[in-house]
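The structure under discussion appears below in the form of structure tokens.
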Amino acid sequence: MKNDGRRACPSSSRRKAWLCALSLLLIASASACRSGGDTNNSEARGVVIINAPATGQVRRVLAREGMSVSEGSPIVEIAVQNETQAPTPTPGESASSRAARNFRSADAEIEAARAEAVRHEAEVQRLTPLVSNGEASAAQLEGERALYERAQRRLQEAQESKQKAESGLLASRQAEQQPQGSIAPPAPLEQLVTANASSAGTVSVINARVGDRVKAGQPLATLRAGQP
């Protein structure tokens with residue numbers, strides 16, 4: 001019985017040593033995981049994804065991998081096909097008259113959007129040095145920048161509407177010149193849009209090739225920001 005008791009002591013010591021080694025191993029593994037996660041997060045910071053602004057076909061790739069670009073630089077050009085539709089005339093109004101009215105309305109919207117963009121751009125330029133000197137808050141500057149970006153989107157939408165209105169005007173005039181009984185099929189209208197860099201940096205990956213069909217929101221390129 002005493003011999004059995006003496007044999008149990010070394011076994012208990014080995015068990016404790018084994019548990020201690022296992023604990024140290026788990027702690028080391030957890031530290032390595034945390035260290036690896038920090039590395040991945042640091043690598044992810046500064047990466048900018050350039051997405052397709054619309055669905056269409058890639059017409060030109062305007063940048064290459066390793067190329068330094070500034071904010072707003074065009075990266076990929078996309079051709080968007082829109083079906084031209086002749087406007088439906090209201091009673092007492094011809095199709096061409098309605099199309100001309102739509103064209104004038106779109107033209108007026110462009111002027112209003114352009115004036116708004118110019119106004120907010122000037123305000124951004126005015127506030128930028130004031131923020132640097134502490135005479136204005138960063139929140140004011142960010143607010144004006146947001147208004148400027150919204151005005152730019154409004155201007156782009158107005159320009160697209162004008163282009164569609166112009167196509168509708170041409171289609172309605174052609175339809176009026178057609179002999180009775182003949183109907184011309186609507187001609188597709190091609191519109192070119194570009195996916196632009198949202199910040200300055202270096203192009204690391206180009207995911208689009210000329211002739212590719214892309215969907216709105218599809219990633220086209222990757223930038224490493226802050227590395228002009």
Side-chain angles (χ1 to χ4, degrees), residues 39-85 103 106-107 109-118 120-122 124-125 128 141-142 144-171 185-228:
T39 301
N40 292 335
N41 289 336
S42 63
E43 290 177 354
R45 288 193 294 266
V47 175
V48 178
I49 306 299
I50 308 301
N51 298 320
T55 299
Q57 186 177 41
V58 175
R59 181 56 53 84
R60 290 190 298 169
V61 177
L62 304 171
R64 64 181 184 279
E65 294 179 357
M67 178 179 177
S68 296
V69 297
S70 58
E71 182 178 356
S73 297
I75 305 298
V76 178
E77 184 181 73
I78 302 171
V80 180
Q81 296 291 333
N82 296 321
E83 291 296 328
T84 302
Q85 297 180 354
F103 180 81
D107 199 33
E109 174 66 11
I110 287 177
E111 293 303 319
R114 182 178 290 114
E116 181 183 359
V118 169
H120 290 299
E121 182 180 18
V124 168
Q125 294 175 353
T128 298
L141 179 58
E142 290 302 319
E144 282 299 326
R145 283 177 176 168
L147 292 174
Y148 171 68
E149 292 175 359
R150 187 179 68 180
Q152 288 285 65
R153 290 193 297 270
R154 177 187 174 188
L155 177 60
Q156 183 178 0
E157 292 172 358
Q159 290 171 338
E160 293 173 359
S161 297
K162 180 180 178 180
Q163 193 170 19
K164 292 179 181 179
E166 184 177 11
S167 300
L169 179 60
L170 293 175
L189 170 67
E190 182 177 275
Q191 177 186 353
L192 296 178
V193 298
T194 57
N196 301 324
S198 56
S199 67
T202 302
V203 179
S204 55
V205 178
I206 297 289
N207 297 322
R209 299 291 181 270
V210 174
D212 288 353
R213 290 287 303 176
V214 297
K215 295 182 179 180
Q218 177 178 332
L220 301 179
T222 303
L223 299 182
R224 179 68 64 178
Q227 298 181 5

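Side chains included, hydrogens not; waters and symmetry mates left out as well; all remaining heavy atoms used. Residue indices begin at 1 and follow the sequence shown. Since the structure is predicted, the reported quantities are computational estimates derived from the model, not experimental observations.
Summarising the geometry, atom CZ belonging to Phe103 is positioned 10.5 Å from atom CD belonging to Gln163; distances are rounded to the nearest 0.5 Å. In this structure, Gln191 CD and Ser167 OG are separated by 9.5 Å, a value rounded to the nearest 0.5 Å. Here the straight-line distance linking atom OG1 of Thr194 with atom CZ of Arg59 works out to 13.5 Å at 0.5 Å rounding. Taking CG of Leu223 as the start and CE of Met67 as the end, the distance is 11.0 Å to the nearest 0.5 Å. One distance of note links CD of Glu116 with CD of Gln152; it measures 10.0 Å at 0.5 Å rounding.
In this structure, Thr222 and Val47 have side chains that are in contact, with non-hydrogen atoms separated by less than 4.5 Å. Looking at heavy atoms from C-beta onward, Leu220 lies out of side-chain contact with Asn51 at the 4.5 angstrom threshold. Counting heavy atoms from C-beta outward, Val76 and Val58 have side chains that approach closer than 4.5 Å. Residues Leu155 and Ile110 meet the side-chain proximity criterion, which asks for heavy atoms closer than 4.5 Å. Ser73 is not listed as a side-chain neighbour of Asn196, based on a closest heavy-atom distance of 4.5 Å or more.
For the residue pair Ala197 and Ser70, the shortest heavy atom distance occurs at CB-O, 3.8 Å. Between Ile50 and Ser198, the closest heavy-atom pair is CD1-N, 3.9 Å. Residues Ile78 and Ala54 share a closest heavy-atom pair of CD1-O, 4.1 Å. Of all heavy-atom pairs spanning Arg60 and Val210, the tightest one is CA-CG2, 4.2 Å. Contact between Ser161 and Ala106 at its shortest, heavy atoms only, is C-CB, 4.0 Å.
Residue-environment remark: CD (Gln156) stays at or below the threshold of 12 foreign heavy atoms within 6.0 Å.
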How far apart are the C-alpha atoms of Val69 and Ile75, what are their side-chain angles, what is the distance that settles it, and do they pass the side-chain contact (heavy atoms from CB on, under 4.5 Å) test? CA-CA 9 Å; Val69 297; Ile75 305 298; 4.2 Å; yes
Check the pair Glu109 / Lys162 against salt bridge (Lys or Arg N to Asp or Glu O under 4.0 Å), numbers first and verdict last. CA-CA 9 Å; Glu109 174 66 11; Lys162 180 180 178 180; over 6 Å; no
side-chain contact (heavy atoms from CB on, under 4.5 Å) between Val80 and Thr55: does it pass, once the steps are laid out? CA-CA 6 Å; Val80 180; Thr55 299; over 6 Å; no
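Pairs engaging residues 207-219 under the side chain to side chain donor-acceptor pair (under 3.5 Å) rule: none recorded [sequence neighbours left out].
Using a 4.0 Å cut-off between charged side-chain N and carboxylate O, Arg145 and Glu142 make a salt bridge.
Between the side chain of Ser199 and the backbone N or O of Glu71, no donor-acceptor pair lies under 3.5 Å. Side-chain atoms of Glu65 never come within 3.5 Å of backbone atoms of Val205 as a donor-acceptor pair (strictly under, hydrogens ignored).
A donor-acceptor contact closer than 3.5 angstrom is absent between the side chains of Tyr148 and Glu144.
Annotation: salt bridge (Lys or Arg N to Asp or Glu O under 4.0 Å) contacts of Arg150 (sequence neighbours excluded): none. Listed by chain and residue number, nothing satisfies the side-chain hydrogen bond (donor to acceptor under 3.5 Å, both in side chains) test with Gln159 (two or more places apart in sequence, or in another chain).
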